[in-house]
Each structure stands twice: as C-alpha cells, then as structure tokens.
**Student:** 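Starting off with a structure, shown below.
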Amino acid sequence: MKKAKPINKTALFLAAVMAISIFTGCSKQIDEEPEVTESTTVATEATTAPTTTTEATTEPEPEPEPEMLEKYVEYYEQNNDFVGWICIPTLTNSSGDPYIDYPVVQADDNSEYLNLSFEREYSSAGCIYADYKVPITATSHADNITLYGHSMANGTYFRRLLDYKNGVDVVQDNYVINFDTLWEENQYVIVACFLIGIYEWQDSEPLFEYYKCRTFDTEEDYNYFYENIMLRTYYTSNIECEYGDEFLTLSTCAYDFDDSRWVVVARKVRDGEDISGYTYEKNSSRHKPDSVSYNY
C-alpha cells in the first residue's frame, strides 16, 4: 500500500491567497458596472430579442436628364461649346429679321471666342459667349448668366443693344429677350439698362463689378446686385423682382468714354406669368458715371 504524500503547507497557503484574490476582483468589477435601472433592462431585453428580417428597400430611380432640344442638336454637333441661343425677336431690321439672333458658346475662359467665330475660325467679330465661371448644363447654371458680345460697327452681334440708350419707347417696344439653353426655351423681361465703367477712377460710386454677380447664395448677394443695377438704370418699370429670381445680363462695349460698357439686365419669366402689361418710365434720378456727360 502506497503511503499518502505529505500535505504541502506552502501550496495550501498559495491556494487560499488566490481564492481571496478572485473574489475580491469580482467585487471590484461589479462596483464599476453601471447601476441597473429599468431603462437599462429594457435596452438589454431589446438587444437580446430575436432579430427579424425586413425586405430591402429599393432606391428611387434618378430622374433622367433633360434631352437636348432637337432644333439645337446640329449646332452642338458642329461645336461642342454651344450652350444656347440668344434672340431679341422684336428688335428687327427693315426686312423683319432680328438684329440679335445668334448661337451662344461657353469655353474654359472668357478670351477664347473674342476673335473666334462659331465655326472656330478667326473673326474680329468673335462670337456671343457666356461667362465661363459657372457652366451651363442640363440641370444647372448661374443665377445670373452673363453673355458678352462685340459691338460691331456694321450693326452685328451686340451693337444694336445700344439702341436701348435712345429712349423709353425703345425698351417699351422690345423688352422681351429669348435665351434658350441647349435643353430649355426661356423668356426674359428687361429690368435695367445702364452705362458703366470698369475702373474705380471712372466713378465716385464704388466700382460695381456686375460681371462677377453670378450666384446669389444669400439674399444679401441678391440685394447688392439688384440695388446696384436699379441705381444706374436708364428706365424703371412695374416689373417685380425678388430673391430666387434668375437673371440674364448682356454686356457690350460702349463709346461714351474709354473702357465703358453698356449693360442690359433681364429677369427670367416666371411660370404662368403674364408679361403683356409691363410699362417703363425714364429714370431721371439714376446715377451717372463721373467720366461722361449725358444728353438723355
């Protein structure tokens, strides 16, 4: 018969110490746990409840982009910079043809079409072009689209915009402007016509850089633009404008003083708007640049 091994007192002592440590550690962990409340219990039950499978939701189909207007497809195929068409239908020659009736392009800068025709050939007359900063696309464009054109001595391109300097009857008879984009037909009504310089020294008023008023991110941006065009306009009208409206600005060279510009601003016609009753008056209190004296 085997003799029983003697009990190792040291081992017994270590075992007792380990047992005490384990129980002490458990007590410490429990003390640090958050207090169990009714809300915690509910949350725990919710997380342990069996999960249910739900049917996958389908994303709505994105709206298709507008298609190009059929009448402009051939122009786009001829020149991919083509973005629209500008026409003032009532400002006509003796044959009844509009003086201003041109394709509009938009390039990567504002200098490309200064001496380049729509056919991309050299031409001193250049082309009517849209400010490049905010691209005109099927779904977006600037709040105020600015179009530039040369004032040619033979009466072409934007030369006949200068007719609007000749009295209130001219704007009253020709206040509708058509500017179609490649994707949409649009009408605008003239709200301001003014002469302006492009340098600080030309005027006692702070320089108004109308050509930089592209997007109205805030009502303050819009108010700055609208107040400045109405300060200078030759004519006032009963056409209302407000934040959220879209505008078209036509700009060309004037010859009243060096580096002067003649500018026509029009508001986009709203859905369902009746534009037949608009009337204009001479604005005798308009601000005039210091660089020129006026007869009108």
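What you see is a predicted model, and the numbers here were worked out from it, not measured in a lab. One-based numbering along the sequence shown. The analysis underlying the following values was restricted to heavy atoms, covering all of them including side chains, and did not include hydrogens, waters or symmetry mates.
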**Student:** Run the ring-ring contact (aromatic ring centres under 6.0 Å, His included) test against Y280 and tell me which residues pass, sequence neighbours left out.
**Tutor:**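 Y280: ring-ring contact (aromatic ring centres under 6.0 Å, His included) contacts with Y175.
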**Student:** Is any NZ, NE, NH1 or NH2 atom of the basic residue among K288 and D203 found under 4.0 Å from an Asp or Glu carboxylate oxygen of the other?
**Tutor:**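 No, this pair does not count.
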**Student:** Could you tell me if the side chain of L147 sits less than 4.5 Å from the side chain of L248, heavy atoms only?
**Tutor:**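 In short, these two side chains touch, coming nearer than 4.5 Å.
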**Student:** To the closest 0.5 Å, what do you measure between CG (D101) and SG (C87)?
**Tutor:** 4.0 Å
**Student:** When you measure from the side chain of Q202 to the backbone of P289, do you find a donor-acceptor pair of N or O atoms at a distance under 3.5 Å?
**Tutor:**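 No.
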**Student:** Would you say the side chain of R214 lies within less than 4.5 Å of the side chain of I145, judging by non-hydrogen atoms?
**Tutor:**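 SC-SC contact between I145 and R214 ruled out.
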**Student:** Can you check side chain to side chain contact (heavy atoms under 4.5 Å, CB included) on V105 and N79, steps first, answer last?
**Tutor:** CA-CA 8 Å; V105 294; N79 183 342; 4.1 Å; yes
**Student:** Between E273, E184, E185, which is the residue that forms a salt bridge (charged side-chain N to carboxylate O under 4.0 Å, His left out) with K268?
**Tutor:**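 Considering E273, E184, E185, a salt bridge (charged side-chain N to carboxylate O under 4.0 Å, His left out) with K268 is found only for E184.
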**Student:** Could you walk me through whether Y102 and W85 pass the side chain to side chain contact (heavy atoms under 4.5 Å, CB included) check?
**Tutor:** CA-CA 6 Å; Y102 295 104; W85 196 281; 5.5 Å; no
**Student:** Is N283 reaching over with its side chain to a backbone N or O of T233, donor-acceptor style, under 3.5 angstrom?
**Tutor:**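 Confirmed, N283 side chain pairs with T233 backbone.
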**Student:** Strictly distance-based, threshold 3.5 Å: is any side-chain N or O of E219 a donor or acceptor partner for the main-chain N or O of G244?
**Tutor:**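 Checked: no pair found.
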**Student:** What about Y255 and V170, same hydrophobic cluster or not, with Ile/Leu/Val/Met/Phe/Trp/Tyr joined at side-chain heavy-atom distances under 4.5 Å?
**Tutor:**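 Yes, Y255 connects to V170 through the hydrophobic network.
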**Student:** Between the side chain of D245 and the main-chain N/O of C241, is any donor-acceptor distance below 3.5 Å?
**Tutor:**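 No; judged by distance alone, with no hydrogens or angles, the pair does not exist.
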**Student:** Report all side-chain donor-acceptor pairs from residues 257-264 shorter than 3.5 Å, counting only partners two or more places apart or in another chain.
**Tutor:**
from: S260; atom 1: OG; to: A254; atom 2: O; distance (Å): 3.2
from: S260; atom 1: OG; to: F257; atom 2: O; distance (Å): 2.8
from: W262; atom 1: NE1; to: L161; atom 2: O; distance (Å): 2.8

**Student:** How about OH on Y199, more than 12 heavy atoms from neighbouring residues, nucleotides or ligands closer than 6.0 Å, or not?
**Tutor:**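 No, OH of Y199 has 12 or fewer neighbouring heavy atoms, counting only those of other groups under 6.0 Å.
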**Student:** Quick check: closest heavy atoms across N238 and G277, and the distance to 0.1 Å?
**Tutor:** ND2-O, 3.4 Å
**Student:** Should Q172 and S237 be marked as a side chain to side chain contact (heavy atoms under 4.5 Å, CB included) after you check the CA-CA gap, both sets of side-chain angles, and the distance that decides it?
**Tutor:** CA-CA 9 Å; Q172 184 68 69; S237 71; over 6 Å; no
**Student:** Checking Y210 against S251 for the side-chain hydrogen bond (donor to acceptor under 3.5 Å, both in side chains) test, could you report, in this order, the C-alpha distance in whole Å, the side-chain angles of both residues, the deciding distance, and whether it holds?
**Tutor:** CA-CA 10 Å; Y210 63 92; S251 176; 2.7 Å; yes
**Student:** With a 4.5 Å heavy-atom cut-off, do Y164 and I88 have their side chains touching?
**Tutor:** yes
**Student:** Can you label the angle between the F216 ring and the F225 ring as parallel, tilted or perpendicular, going by 30° and 60°?
**Tutor:**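 Rings of F216 and F225: tilted, 30 to 60°.
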**Student:** Please, which pairs that meet ring pair (Phe, Tyr, Trp, His ring centres under 6.0 Å) have at least one residue in residues 176-196, sequence neighbours excluded?
**Tutor:**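 Every candidate ring pair (Phe, Tyr, Trp, His ring centres under 6.0 Å) pair involving residues 176-196 fails, so no pair, neighbours aside, qualifies.
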**Student:** Looking at Y234, is R286 sitting on its ring face, NZ or CZ under 6.0 Å from the six-membered ring centre and within 45 degrees of the normal?
**Tutor:** yes
**Student:** Looking at F208, is its backbone amide N or carbonyl O close enough to the side chain of N228 to form a donor-acceptor pair, meaning the two atoms are under 3.5 Å apart?
**Tutor:**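 No: the side chain of N228 does not pair with the backbone of F208.
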**Student:** Please determine whether a side-chain nitrogen of the Lys or Arg among R120 and E112 lies less than 4.0 Å from a carboxylate oxygen of the Asp or Glu.
**Tutor:**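 Yes.
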**Student:** Is it true that the side chains of D163 and Y99 contain a donor and an acceptor less than 3.5 Å apart?
**Tutor:**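 No, because no side-chain N or O of D163 sits under 3.5 Å from a partner of the opposite role on Y99.
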**Student:** Heavy-atom count check: over 12 atoms from other residues, nucleotides or ligands less than 6.0 Å from E70 CD?
**Tutor:** no
**Student:** Are the side chains of F158 and C253 in contact, using a 4.5 Å heavy-atom criterion?
**Tutor:** no
**Student:** Quick check for you: to the nearest 0.5 Å, what is the distance between I128 atom CD1 and L250 atom CG?
**Tutor:** 8.5 Å
**Student:** Mark yes or no for whether H150, through its side chain, and L114, through its backbone, hold a donor-acceptor pair below 3.5 Å.
**Tutor:** yes
**Student:** Y129 versus V104: any side-chain heavy-atom pair under 4.5 Å?
**Tutor:**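 Sidechains of V104 and Y129: no contact.
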**Student:** What about Y76 and F82, are their ring centers closer than 6.0 Å?
**Tutor:** no
**Student:** Apart from Y132 itself, what residues make up its hydrophobic cluster, given side-chain heavy atom links below 4.5 Å?
**Tutor:**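 Its cluster mates, by chain and number: none.
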**Student:** Sequence neighbours left out, what passes ring-ring contact (aromatic ring centres under 6.0 Å, His included) with Y243? Give chain and number order.
**Tutor:**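 ring-ring contact (aromatic ring centres under 6.0 Å, His included) check on Y243 returns nothing, list empty.
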**Student:** For residues 86-98, which residue pairs qualify under side-chain hydrogen bond (donor to acceptor under 3.5 Å, both in side chains), counting only residues two or more places apart or in two chains?
**Tutor:** T90-N174
**Student:** Going through the distances and angles, do T252 and R159 end up as a side chain to side chain contact (heavy atoms under 4.5 Å, CB included)?
**Tutor:** CA-CA 8 Å; T252 194; R159 179 67 170 218; over 6 Å; no
**Student:** Under 3.5 Å, is there a donor on one side chain and an acceptor on the other for N110 and D131?
**Tutor:**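 Yes - a donor-acceptor pair under 3.5 Å links their side chains.
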**Student:** Quick one: SG on C213 to OH on Y224, what's the gap to the nearest 0.5 Å?
**Tutor:** 5.5 Å
**Student:** Rounded to the nearest 0.5 Å, what separates atom CD in E240 from atom CZ in R267?
**Tutor:** 8.0 Å
